[in-house]
Chemist: 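Take a look at the following structure, please.
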Amino acid sequence: MNEAPVFNSQAQGLLSLRVLARLLDYPSAELQAASAEMTGLIEAESRWPASLRTQLVQWCRELAASELLDIEEAYVELFDRGRATSLLLFEHVHGESRDRGQAMVNLLAEYEAAGFQLDARELPDHLPLLLEYLSTRDHGQIGQWLGEIQPILALLGARLEERNSRYALVPRALLTLIGASDTIDEQRPVASAEPLDNTPQALDAVWEEEAVRFEAQSDQDCSLQSSEGRRLAERKYEAIPQVIQVMPSAMSDRG
């Protein structure tokens with residue numbers, strides 16, 4: 001396993017991860033009510049540059065002042081329509097393949113071994129949930145995990161920045177903690193060249209592909225659809241091939 005990135009061993013780091021987990025999770029009245037507390041924690045995080053802290057604080061205040069229904073709708077539009085900005089980490093690595101299920105089992109076993117209890121609402125690879133888990137770990141483990149998911153965070157951050165979303169601040173803040181925020185900038189050309197996958201046309205195309213897959217009339221149809229599915233998956237995930245090597249090896253080392 002690669003050496004973990006350096007992660008400052010101040011207790012503040014654990015609280016910072018919890019703030020980022022809250023900001024990235026589904027909006028709630030509790031999130032809005034905690035704005036002042038989160039602002040104080042952000043301002044105390046010396047490892048983030050002043051400009052990043054200012055943007056995070058402003059975002060917290062915007063969330064607190066917004067209509068909850070509006071920010072809930074915007075959240076669903078951003079994260080639940082299309083896969084490019086999915087917060088499910090293994091979806092970026094494995095898509096819908098069988099390997100994703102095994103990776104989930106491995107991650108769930110790690111949570112359970114650490115005594116971390118999951119809420120049944122979310123899958124184990126949901127990024128806010130992983131950040132919540134990491135906030136209970138030691139700093140060596142935090143640095144190791146952030147290093148392993150760095151390629152996903154970088155591309156996710158670039159995609160969110162392309163959409164002018166405040167949520168891009170979370171992957172940038174996470175990568176800043178391990179000195180890798182420049183990897184988002186490196187992925188901006190990749191993100192800018194990608195077609196949007198959350199348009200009505202793109203969503204309809206995905207639905208039609210799924211429908212065809214379940215309506216195959218012969219073994220030949222199944223073979224053709226399987227081949228097309230593989231080509232689609234290769235196109236969709238070719239921007240982050242390095243992640244495929246990073247994540248499973250880390251999980252097997254932990255197992």
Side-chain angles (χ1 to χ4, degrees), residues 4-66 68 70-72 74-76 78-79 85-89 111 114 116-119 121-122 124-150 152-154 156-157 159-161 164-181 183-184:
V6 175
F7 192 90
N8 197 309
S9 59
Q10 299 175 5
Q12 174 65 33
L14 303 180
L15 298 175
S16 299
L17 288 179
R18 291 183 184 180
V19 169
L20 296 178
R22 297 292 184 273
L23 286 171
L24 201 57
D25 210 348
Y26 188 78
S28 65
E30 291 76 15
L31 171 69
Q32 292 178 309
S35 174
E37 181 182 0
M38 292 194 301
T39 293
L41 292 171
I42 290 168
E43 291 175 334
E45 180 51 85
S46 60
R47 291 167 299 167
W48 290 333
S51 58
L52 179 56
R53 294 199 302 271
T54 298
Q55 291 178 76
L56 286 166
V57 166
Q58 181 60 34
W59 182 25
C60 286
R61 291 171 177 163
E62 289 174 1
L63 289 172
S66 299
L68 182 57
D70 291 341
I71 56 178
E72 287 175 336
Y75 185 94
V76 170
L78 184 63
F79 292 118
T85 57
S86 174
L87 297 179
L88 298 173
L89 295 173
Y111 288 162
F116 186 69
Q117 299 297 316
L118 269 66
D119 187 317
R121 292 183 309 115
E122 298 296 353
D125 63 335
H126 192 233
L127 180 53
L129 180 62
L130 176 64
L131 296 179
E132 186 71 28
Y133 167 71
L134 291 182
S135 74
T136 70
R137 301 294 88 203
D138 64 49
H139 294 280
Q141 289 177 294
I142 295 171
Q144 183 69 55
W145 264 104
L146 293 181
E148 287 174 359
I149 65 174
Q150 173 184 316
I152 301 175
L153 293 175
L156 176 62
R159 286 167 170 167
L160 291 171
E161 287 187 355
N164 297 313
S165 172
R166 287 281 203 185
Y167 285 97
L169 294 172
V170 175
R172 186 166 287 279
L174 288 169
L175 291 172
T176 298
L177 293 175
I178 58 171
S181 63
T183 57
I184 292 180

Chemist: Please find the pair of heavy atoms, one from Ala154 and one from Thr183, that lie closest to each other, and give the distance.
Modeler: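 Closest approach of Ala154 to Thr183: CB-OG1, 3.5 Å.
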Chemist: Which pair of heavy atoms, one from Ala168 and one from Gly157, lies closest together, and at what distance?
Modeler: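 Here Ala168 and Gly157 meet closest at CB-O, 3.8 Å.
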Chemist: Rounded to the nearest 0.5 Å, what's the gap from CG on Leu23 to CG on Leu31? Could you check?
Modeler: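 One finds 6.5 Å between CG of Leu23 and CG of Leu31.
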Chemist: Atom CG in Leu153, atom CD1 in Ile184: separation rounded to 0.5 Å?
Modeler: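 One finds 7.5 Å between CG of Leu153 and CD1 of Ile184.
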Chemist: According to salt bridge (Lys or Arg N to Asp or Glu O under 4.0 Å), does anything in residues 125-141 pair up with another residue at least two apart or in another chain? List the pairs.
Modeler: Arg22-Glu132, Arg100-Asp125
Chemist: Return the minimal non-hydrogen interatomic distance between Leu68 and Ala29, and the atom names on each side.
Modeler: CD2-N, 3.8 Å
Chemist: Measuring only between side-chain heavy atoms, which start at C-beta, is Leu15 closer than 4.5 Å to Glu45?
Modeler: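 Heavy-atom side-chain distance check fails, nothing below 4.5 Å.
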Chemist: Could you state the interatomic distance from CZ (Arg47) to CG (Leu177), rounded to the nearest 0.5 Å?
Modeler: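 Rounded to the nearest 0.5 Å, the CZ-CG separation comes to 5.0 Å.
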Chemist: Hey, could you give me each pair passing salt bridge (Lys or Arg N to Asp or Glu O under 4.0 Å) that has a residue in residues 27-40? Not counting sequence neighbours.
Modeler: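 Output for this query is empty, none listed.
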Chemist: The criterion is side chain to side chain donor-acceptor pair (under 3.5 Å); which residues satisfy it with Tyr133, sequence neighbours excluded?
Modeler: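 Side chain to side chain donor-acceptor pair (under 3.5 Å) list for Tyr133, sorted by chain: Glu110.
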Chemist: Not counting sequence neighbours, list each pair that qualifies as a salt bridge (Lys or Arg N to Asp or Glu O under 4.0 Å) and has a residue in residues 52-66.
Modeler: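 Listed by first then second residue: Glu62-Arg166.
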Chemist: To the nearest 0.5 Å, how far apart are CG in Asp25 and CG in Leu20?
Modeler: 12.0 Å
Chemist: Can you see which heavy atom on Leu78 is nearest to which on Tyr167, and at what distance?
Modeler: CD2-CD1, 3.6 Å
Chemist: Would you check if Glu43 and Leu56 make a side-chain contact, meaning some heavy-atom pair closer than 4.5 Å?
Modeler: no
Chemist: Within the structure provided, determine whether Leu160 and Phe79 are in side-chain contact (heavy-atom separation under 4.5 Å).
Modeler: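 A side-chain contact under 4.5 Å exists here.
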Chemist: If you round to the nearest 0.5 Å, how far is CD1 of Ile178 from CD of Glu148?
Modeler: 10.0 Å
Chemist: Sub-3.5 Å donor-acceptor pair from the side chain of Thr176 to the main-chain atoms of Ser181, do we have one?
Modeler: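 Side chain of Thr176 to backbone of Ser181: no pair is present.
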Chemist: Taking the side chain as every heavy atom from C-beta outward, state whether Ile149 and Leu174 have any atom pair closer than 4.5 Å.
Modeler: no
Chemist: Rounded to the nearest 0.5 Å, how far does CG of Leu89 lie from CG of Leu130?
Modeler: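 Here the rounded value is 6.0 Å.
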Chemist: May I have all residue pairs that pass ring pair (Phe, Tyr, Trp, His ring centres under 6.0 Å) and include part of residues 22-57, sequence neighbours excluded?
Modeler: Tyr26-Tyr75
Chemist: What residues form a side chain to side chain donor-acceptor pair (under 3.5 Å) with Ser135, not counting sequence neighbours?
Modeler: Arg18
Chemist: Determine the minimum heavy-atom distance between Leu87 and Leu24, stating which atoms define it.
Modeler: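 Taking every non-hydrogen atom into account, CD1-O, 3.6 Å.
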Chemist: Show, in sequence, the C-alpha distance, side-chain angles and deciding distance for Leu127 and Val170, and conclude whether the side chain to side chain contact (heavy atoms under 4.5 Å, CB included) test is met.
Modeler: CA-CA 11 Å; Leu127 180 53; Val170 175; 5.5 Å; no
Chemist: Are Arg172 and Gln55 packed together at the side-chain level, in the sense that at least one heavy-atom pair is separated by less than 4.5 angstrom?
Modeler: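 No - every pair of side-chain heavy atoms lies 4.5 Å or more apart.
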